[in-house]
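Each chain gets a letter, A, B and so on, in the order the sequences are listed, and its residues count up from 1.
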There are 4 protein chains.
Amino acid sequence: MARITKTPEERRLEIVQTAERLFREVGFTKCSVDMIIRDIGVSKGTFYYYFKSKEEILEAIVDRTLVQIVEMAEQVADAPSLDALTKMQMLLSDSHIGDDDTHDIAEMLHMPENRELHEITNIQSVMRLSPILAKIVEQGNLEGVFSAGQPLETVQFLLTGSQFLLDGRLFAFSEQEVHDRRVVAQQIIEKSLGAKPGSFDFMNPNPMEGK
Amino acid sequence: MARITKTPEERRLEIVQTAERLFREVGFTKCSVDMIIRDIGVSKGTFYYYFKSKEEILEAIVDRTLVQIVEMAEQVADAPSLDALTKMQMLLSDSHIGDDDTHDIAEMLHMPENRELHEITNIQSVMRLSPILAKIVEQGNLEGVFSAGQPLETVQFLLTGSQFLLDGRLFAFSEQEVHDRRVVAQQIIEKSLGAKPGSFDFMNPNPMEGK
Amino acid sequence: MARITKTPEERRLEIVQTAERLFREVGFTKCSVDMIIRDIGVSKGTFYYYFKSKEEILEAIVDRTLVQIVEMAEQVADAPSLDALTKMQMLLSDSHIGDDDTHDIAEMLHMPENRELHEITNIQSVMRLSPILAKIVEQGNLEGVFSAGQPLETVQFLLTGSQFLLDGRLFAFSEQEVHDRRVVAQQIIEKSLGAKPGSFDFMNPNPMEGK
Amino acid sequence: MARITKTPEERRLEIVQTAERLFREVGFTKCSVDMIIRDIGVSKGTFYYYFKSKEEILEAIVDRTLVQIVEMAEQVADAPSLDALTKMQMLLSDSHIGDDDTHDIAEMLHMPENRELHEITNIQSVMRLSPILAKIVEQGNLEGVFSAGQPLETVQFLLTGSQFLLDGRLFAFSEQEVHDRRVVAQQIIEKSLGAKPGSFDFMNPNPMEGK
DNA sequence: GATGAATGAGAATTCATTCAT
DNA sequence: TATGAATGAATTCTCATTCAT
């Protein structure tokens, strides 16, 4: 095979991205190192030059994903011009996702063939997002729009429920079924946070309406 | 090895039970067919005479587990002498353990080394338990102890949140942390079902009290 | 590959013998499991069905060799009709080796490419032969032909010297050089055991004489 | 990494010394080129600029070691003021340690993880030391303290026995066992060289005495 | 002289599955 | 029904060596 040298950053990224895609497509266990290197057109030695085990690249991918999610969440949480209700809405709904990259992340978290990556990331994202959301709940408590004790624990329950249930793929729900659960989730969130009924209404425009 | 003939039913059950135990102890992927047959003292050929693949026995186990869970839940749900609140408490708390075989729902679903089996069963159990719980919610609505719209969807959200979050192992929570989340979960359930605050109080005796 | 079934004993022996030959020819480290199975025409699974690691087959070979050596030595040592001097002569010289099998063992112990197997076996054979030879020394002391204190330690030193030095291959000695060292070794043995000078003379017929 | 230029001699020596240390610590086979260069902080390319294979550096080390041993032995052998007995004692005992670099012959040859390097060096050192020791034996014969025919062959046998047996590690002997064999070795040496019994007595102060 | 990214042929081992008896 | 020897593709990982810069 021709020797193609790239900068370490390029090569590393190339490997991470390819692995990420393949892990999503076929699952971590079923995706062999061989598949990854064949896809890139690079030698086995090169793979192990950058990552010293298959586990290590998994960690790299999970970290990378979580860093993106957390960064995004922190931007929202730290925005001084937004009120707590708006922030909460932005972070709990999917409708705020603009760019493709962030959307991919959400996609990635819920792939069917992707149990391992999925579960690890899921749990981590609950753990890392919850403190950020808890701060927003506290802000909301002060602003008078929420009235919730135990913000961290509350938010963790709501996040967990949302993450797992609202993923159409995981539970094999139809679009309409997902929508129905989204509406209910919103009501539960409102009740749990002590928000005024209907505060999160616009989070769930009926996707069937225009059809 | 001596050839020991058993009735097909006995043999089949023996294999399923052993596999189930081992899958829970070491996980599905890490448990080889060899481990199973060595444990029983049966030959490779026998295993493949009863199940044509390792996947097939997994399905058999998941089915078996869910049948048990659902049966137990239906017994509770159909008990004419119990009110909705009591039924709900029995099925959502840990205190309902009856016979050794069924154990506790939560326990059953959240074994440590047991991600694979666990996740498959988890989702299925949310799907199959939710109609039963939804019926109880409807009963509760009639009895006036609950006041919840969309019982099925509501119950699915609450089950999902409870299942995943309240497993200390999955999120690596300490006993105290699990307890704190249990208390919060109970409050969210009350609010979501429109139950009187404190209805489920006895579900969470503080495990730290005597210490 | 055609499936050829043999009795476990046949198959096991086939593998051990092939491995033994190849370890001798190319050395333990350089001989891959692939080489062995290719040579036999058997699958990798079969190899690992009989031996659970490459190390394990090495042990099996070493054990097998040592058992043969020790058996032979014990037969000599326990012969009631022989005096100590004769026994000593038989076990310390190479000239007693009759059958091809035992000769192979000696060959095997000193192959050039065969460091690992060689060293392990060498040391083991000093350790296992020395108690047998020590008993003969004691017999000799009683018979008045020897007069040696510390029989075990003495014998170990003499065995070690003989094993390593008198192997023409290890030190790359010519036939004549080996003969010269054999003569000297014999004198050292005589002095060390307190035997009469010349007692072991016939051990070393000059190999150059008839040429 | 910063490019640090050294004189070729310095660089070469640095590599040889590091490799030597690591080969001793972990063994030749188990010590990868990567370990060596990482330890020095030099690049792969640099290593292969100075040595064209891993084997080549092994040879360099063995040569270097033997040169040191031989030099030291020759210094002793050529000392005009010393008698043969003293010289012999110095070279066969452990008590002659002078400078840090040369250490003790025995020590040097019998490092623990060091089978490969060890065996290669062992045989070479018997071959190269024996002529020097043989000369001392001849001097001793003239001085009347020894009375040994075939000095070269005799010395080779004694060196071989001592080298291999008296290494506690190789045979896994305890300290006491090594001591016992040392005492016996000394007696065998005396007898073989025709020295007066007890000539080498002080070679083996009982290490247990003070305990 | 020096760098270090890249190579790729192997290494040992695992394991679900098959099949002759 | 039952056995267990046999299969072989697949897996992760190692490491001496090369070579463009």
Between [X] and [N], is there a side-chain N or O to OP1/OP2 distance below 4.0 Å?
| X | N | value |
| --- | --- | --- |
| C:S43 | F:dT7 | yes |
| D:Y50 | E:dA2 | yes |
| B:T46 | F:dT3 | yes |

Do [X] side-chain atoms and [Y] backbone N/O form a donor-acceptor pair below 3.5 Å?
| X | Y | value |
| --- | --- | --- |
| A:T46 | A:V42 | no |
| C:Q68 | C:T65 | no |
| D:K30 | D:E25 | no |
| D:K44 | D:I37 | no |
| C:E56 | C:S53 | no |

Polar pair under 3.5 Å, donor/acceptor by atom type, side chain C:K44, base E:dT13: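 A donor-acceptor contact between them is present.
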Consecutive Watson-Crick or G-U pairs in runs of at least 3, all under 3.5 Å, in which DNA chain E is involved: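 Runs of three or more consecutive pairs: E:2-21 with F:2-21.
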Sugar-phosphate, base or nothing in reach of A:T7, heavy atoms under 4.0 Å: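 Nothing: the residue A:T7, judged by heavy atoms under 4.0 Å, touches no strand.
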Contact nearer the 5' end of DNA chain F, comparing A:E55 with C:R11: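 Final value for this comparison: C:R11.
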Pairwise 5' ranking along DNA chain F for B:Y49 and A:S32, keeping only the more 5' one: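 Nearer the 5' end of the strand: B:Y49.
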Salt-bridge criterion met for A:E9 and A:R12 (N-O under 4.0 Å):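 Judged by the 4.0 Å cut-off on N to carboxylate O distance, A:E9 and A:R12 do not form a salt bridge.
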Residue mapping more 5' on DNA chain E - nearest nucleotide basis, C:R38 or A:F47: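 Taking each residue's closest nucleotide, the earlier one in sequence belongs to A:F47.
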Of the listed nucleotides F:dT17, F:dT12, E:dT13, the one nearest the side chain of C:K54: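 Between F:dT17, F:dT12, E:dT13, the one nearest the side chain of C:K54 would be E:dT13.
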Selected nucleotide, minimal atom distance to A:Y48 side chain, candidates E:dT17, F:dT14, E:dT14: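 The nucleotide sitting nearest to the side chain is F:dT14.
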